[in-house]
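The next block holds one structure in the form of C-alpha cells; read it before the comments.
Sequential numbering from 1 along the given sequence is applied to the chain's residues. Remember, it's 1-based here, ligands and their atoms both numbered in the order they're listed.
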Amino acid sequence: MAHEYFTHKGVLFPSLFYSPAALSYVENEFQVRDDDIFNVTYPKSGTNWMLEILSLIRCDGDPGWVRSVLNWERAPWVGSQKGLEAALKYPPPRLLCSHLPVQLFPRSLQGSKAKIIYTLRCPKDILVSLYHFTKLFPHIKTLGSLDSFLEDFLSGNVGYGSWFDHVTGWMGLKGNENFFSITYEELQEDPRGSVRRICHFLGKELSEEQVAAVVENASFQSMRANKMSNFSQVVDEKMDHHKGQLLRKGICGDWRNHFSEAQSQRFDAVYRERMQGLGMTFPWD
Ligand code: A3P
C-alpha cells in the first residue's frame with residue numbers, strides 16, 4: 001500500500017489526490033466561512049447522492065446546474081490538493097465536500113456558523129461498495145480478497161482511516177445546532193421527508209413540487225444518466241470505466257450478497273465492541 005497511500009497523523013490518504021502539505025494547510029489555515037455548507041461523509045456513505053440533493057435544493061429543484069456543472073466543481077473536496085485550490089476560489093456561499101475525519105477538519109470550524117451535513121450508511125454496505133469502487137482505480141494494485149479487505153476495514157487500514165473513528169468523531173458534534181446527521185437508509189426509506197428535513201436544517205423553504213423535483217433529479221436513475229454526476233468524466237488514467245461505475249447498485253443490504261456467515265459474525269463482533277457506549281442506534285443495528 002506504501003506508494004498508493006501515505007499516512008498523515010495516523011490516517012491513510014490516497015496519494016493520487018492528497019498531500020501532507022494540503023492536509024496541514026486545510027487543518028490549520030483554511031478559513032471556514034459562516035455561510036459554508038459542508039457535505040461530510042466517510043467514503044461510500046452516499047456522498048455524491050447528498051451532494052446532488054444539496055445542489056438541487058440550492059436551485060429550488062431545477063436540474064440546470066446539476067446537468068451542466070461537474071459534481072466536484074459544484075462542491076470542491078476540502079482536503080484534496082485540487083479541491084482546496086477550487087474551494088479557495090469558490091464564490092460564497094460555498095458548497096463543499098469532505099471525507100476528513102473530524103480531528104483533521106479545519107480548526108476554524110470552531111466558533112463558525114458553517115453548516116455540516118453528515119451522512120452515515122450501514123458499514124457492511126460501505127465495505128462492499130468501497131471494495132468494488134477501489135477496483136476501478138488502476139493505481140491501486142494491492143487490493144486483496146474480500147476477507148483481507150474486511151480486516152483492513154475493521155482495523156482502519158484503508159483510505160480516510162477507521163469508519164468507527166470517523167463516525168464516533170463526527171457524531172460527537174450531535175446536538176450542535178449547525179450539525180445535522182442523516183443516514184443513507186433514511187434517504188432510501190423516505191426521500192421526500194429527508195429532503196424536507198435537510199431544507200429545514202438549511203433554513204430553505206421549498207414547495208412540495210420543488211421537493212419532489214429534488215428527489216426525482218437526485219434519484220439513482222437520474223444521477224446514473226447524468227454525466228456531470230456519474231463520474232464518467234473522470235479521466236481514464238485515474239478510473240477504469242470498463243470495470244464498473246460509481247453508481248453501482250444503490251441499494252441497502254447488498255452486503256448480504258457478499259459476506260459469508262463467518263465474515264458477518266467477525267464484523268458484528270468488532271462493531272459491538274467499537275460502538276458500545278456510544279448511546280446511538282442506527283437503522284442497520
Ligand atoms: P453502491 O456501491 O452500494 O451502489 P459515495 O457517493 O459516498 O462514493 O457513495 C457511493 C454509493 O452511493 C454507491 O453505492 C452508489 O451507488 C450510491 N449512490 C449514489 N447515488 C445514489 C442515489 N441517487 N441513490 C441511491 N444510491 C446512490
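Each of Lys44, Ser45, Gly46, Thr47, Asn48, Trp49, Arg121, Ser129, Tyr184, Gln188, Ala218, Ser219, Phe220, Met223, Leu246, Leu247, Arg248, Lys249, Gly250 has a non-hydrogen atom positioned under 4.0 Å from some atom of ligand 1.
Under the 6.0 Å cut-off for aromatic ring centres, Tyr160 and Phe13 qualify, their centroids lying closer than that. Between Phe137 and Phe133, the distance from one ring center to the other falls under 6.0 angstrom.
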Listing, residues 211-219 side-chain donor-acceptor contacts under 3.5 Å, not counting sequence neighbours, or none:
unit_1 : atom_1 : unit_2 : atom_2 : d
Asn217 : OD1    : Arg67  : NH2    : 3.2
Asn217 : ND2    : Gly61  : O      : 3.3
Asn217 : ND2    : Ala213 : O      : 2.9
Ser219 : OG     : Glu216 : O      : 3.0
Ser219 : OG     : Ser222 : N      : 3.1
Ser219 : OG     : Ser222 : OG     : 2.9

Donor-acceptor pairs are to be reported for all side-chain atoms of residues 85-92 against protein atoms at under 3.5 Å, with residues two or more places apart or in another chain.
unit_1 : atom_1 : unit_2 : atom_2 : d
Tyr90  : OH     : Arg74  : O      : 2.6

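For Asn230, the side-chain contact (heavy atoms from CB on, under 4.5 Å) partners are Lys227, Ser232, Leu247, not counting sequence neighbours.
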Walk me through it: do Asp254 and Arg248 pass the test salt bridge (Lys or Arg N to Asp or Glu O under 4.0 Å)? CA-CA 11 Å; Asp254 189 38; Arg248 190 182 58 94; 3.0 Å; yes
